[in-house]
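Data first, discussion second: the structure below is written as structure tokens.
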Amino acid sequence: MEEAYEALKRAIRTNVFAPGYQGSEQEIALQFGMSRTPVHEAVIRLQEEGLVRVLSRRGVVVCALSPEDMREIYEVVVALEGAAAELIAAQPAEARVPAAEELDAVNARMEAALAAEDLVAWAEADERFHQLLVERSGNARLLRMVGTVMDQSHRARMLTLRLRPKPTLSVQEHRGIVAAIREGQAALAQERAKAHRIRAREQVLPLLRQLGMRHL
């Protein structure tokens, strides 16, 4: 079932199954070369995460997002990632310092990708930075909640990637978050993590409105 879940989620995140796509579980199973049972179980899980809807006798529909949905998602991410940064910074030095080093290493990958003008590699490293930030908080429920909303918003982030200013500020802001974590300044780490996501929100949402995106 895990293989079917990962394959279907990847297809949704990369727009192989675009918003509004509709098909039966049998059709999806045939496309992936799988039996229907693991696909059915994957669909149930993805419906719980808000990525698809199951319509009676009409199959599976990939959910679309509106700019208003994205606003709500960013509100959740601002709060949860702020909490994650605070939790890491509050850990003993033997835990938070290695976490800071891991985050620094990912941030260096982002910087190298920017220098190479490789926005896709930058986006992958950026996503990993934020995933790692939550992972190292030590709160499994926080990780699950953030993972769900980030999967939902992936399409919008990739859609606007080349329309936003060159993301040099992200690397700088990440450094600030990591510095606060390394120094054990929990309140400052929370403040910087929240401010970072708020700035991203203020870039992405106006772009979606300018594009006239009602659904994505």
Side-chain angles (χ1 to χ4, degrees), residues 2 5-6 9-10 13 45 49-50 70-154 156-158 161 164-205:
E2 192 66 26
Y5 167 77
E6 292 295 342
K9 183 166 76 169
R10 186 165 53 250
R13 281 169 56 95
R45 189 169 163 188
E49 295 175 2
M70 284 300 301
R71 183 189 63 77
E72 291 182 358
I73 285 170
Y74 266 109
E75 287 174 355
V76 172
V77 170
V78 165
L80 296 184
E81 288 196 359
E86 182 182 27
L87 285 170
I88 302 173
Q91 293 172 0
E94 57 267 25
R96 72 171 187 269
V97 172
E101 290 174 353
E102 285 184 274
L103 290 163
D104 264 339
V106 177
N107 207 35
R109 280 168 39 200
M110 290 175 60
E111 194 166 21
L114 277 183
E117 302 288 337
D118 188 342
L119 284 179
V120 173
W122 173 88
E124 290 172 352
D126 180 60
E127 184 172 22
R128 179 56 186 154
F129 180 94
H130 288 279
Q131 181 183 37
L132 191 60
L133 184 70
V134 182
E135 285 177 2
R136 293 299 174 263
S137 74
N139 188 315
R141 287 175 174 81
L142 195 62
L143 178 61
R144 285 197 296 273
M145 288 188 287
V146 172
T148 296
V149 292
M150 294 308 290
D151 283 336
Q152 291 173 355
S153 64
H154 181 79
R157 296 197 309 277
M158 296 308 292
L161 180 61
R164 288 176 265 166
K166 190 173 181 180
T168 50
L169 274 178
S170 288
V171 172
Q172 297 171 23
E173 290 170 354
H174 285 182
R175 285 199 196 103
I177 296 166
V178 174
I181 288 170
R182 192 186 299 276
E183 295 162 9
Q185 297 186 44
L188 183 60
Q190 180 191 49
E191 178 187 327
R192 287 177 175 175
K194 290 174 70 173
H196 173 59
R197 282 305 203 180
I198 288 170
R199 185 185 62 77
R201 180 190 67 194
E202 298 309 307
Q203 279 190 342
V204 170
L205 295 186

Once rounded to the nearest 0.5 Å, what's the spacing between atom [atom1] of [X] and atom [atom2] of [Y]?
{"X": "Asn107", "Y": "Glu102", "atom1": "CG", "atom2": "CD", "result": "13.5 Å"}
{"X": "Ile177", "Y": "Arg182", "atom1": "CD1", "atom2": "CZ", "result": "13.5 Å"}
{"X": "Lys9", "Y": "Arg45", "atom1": "NZ", "atom2": "CZ", "result": "7.0 Å"}

Original post:
With side chains defined as the heavy atoms from C-beta onward, is the minimum distance between His196 and His130 less than 4.5 Å?
Top reply: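 Of all side-chain heavy-atom pairs linking His130 with His196, at least one is under 4.5 Å.
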Original post:
Could Glu81 and Lys194 be called an ion pair, given the rule that one side-chain N must be under 4.0 Å from one carboxylate O?
Top reply: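 No salt bridge links Glu81 with Lys194.
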Subject >> Presence of salt bridge, Glu135 and Arg128, under 4.0 angstrom >> reply: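 Salt bridge present between Arg128 and Glu135.
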Original post:
With under 30° as parallel and over 60° as perpendicular, where do the rings of Phe129 and His174 fit, or are they tilted in between?
Top reply: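 If you compare the ring of Phe129 with that of His174, the planes turn out parallel.
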Original post:
Are Glu173 and Arg192 close enough, and set up right, to give a salt bridge (charged side-chain N to carboxylate O under 4.0 Å, His left out), and what steps lead you there?
Top reply: CA-CA 7 Å; Glu173 290 170 354; Arg192 287 177 175 175; over 6 Å; no
Side chain [X], main chain [Y], donor-acceptor under 3.5 Å:
{"X": "Arg109", "Y": "Ala125", "answer": "no"}
{"X": "Arg136", "Y": "Ala99", "answer": "no"}
{"X": "Ser137", "Y": "Leu133", "answer": "no"}

Original post:
Could you walk me through whether Glu117 and Lys166 pass the side-chain contact (heavy atoms from CB on, under 4.5 Å) check?
Top reply: CA-CA 9 Å; Glu117 302 288 337; Lys166 190 173 181 180; 3.0 Å; yes
Original post:
Can Arg13 and Glu127 be said to form a salt bridge (charged side-chain N to carboxylate O under 4.0 Å, His left out), step by step?
Top reply: CA-CA 13 Å; Arg13 281 169 56 95; Glu127 184 172 22; 2.6 Å; yes
Original post:
Would you say the side chains of Tyr74 and Glu202 form a donor-acceptor pair under 3.5 Å?
Top reply: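 Distance-only check fails for Tyr74 and Glu202.
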Original post:
Between Arg175 and Gln172, does any side-chain donor sit less than 3.5 Å from a side-chain acceptor?
Top reply: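 No pair is found: no donor N or O on one side chain lies under 3.5 Å from an acceptor on the other.
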Original post:
Can you tell which of Ile88, Leu87, Leu188, Val97 makes a side-chain contact (heavy atoms from CB on, under 4.5 Å) with Ile181?
Top reply: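 Single pass found, and it is Ile88.
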Considering non-hydrogen atoms only, spot the tightest contact between [X] and [Y] and give its length.
{"X": "Leu119", "Y": "Leu114", "value": "CD2-CD2, 4.3 Å"}
{"X": "Thr148", "Y": "Glu49", "value": "CG2-O, 3.2 Å"}
{"X": "Val134", "Y": "Leu143", "value": "CG1-CA, 3.5 Å"}
{"X": "Ala189", "Y": "Ala89", "value": "CB-CB, 3.9 Å"}
{"X": "Gly82", "Y": "Ala193", "value": "CA-CB, 4.0 Å"}

Original post:
When you look at Arg71 and Glu75, which way does the salt bridge (charged side-chain N to carboxylate O under 4.0 Å, His left out) test go after all the steps?
Top reply: CA-CA 6 Å; Arg71 183 189 63 77; Glu75 287 174 355; 2.3 Å; yes
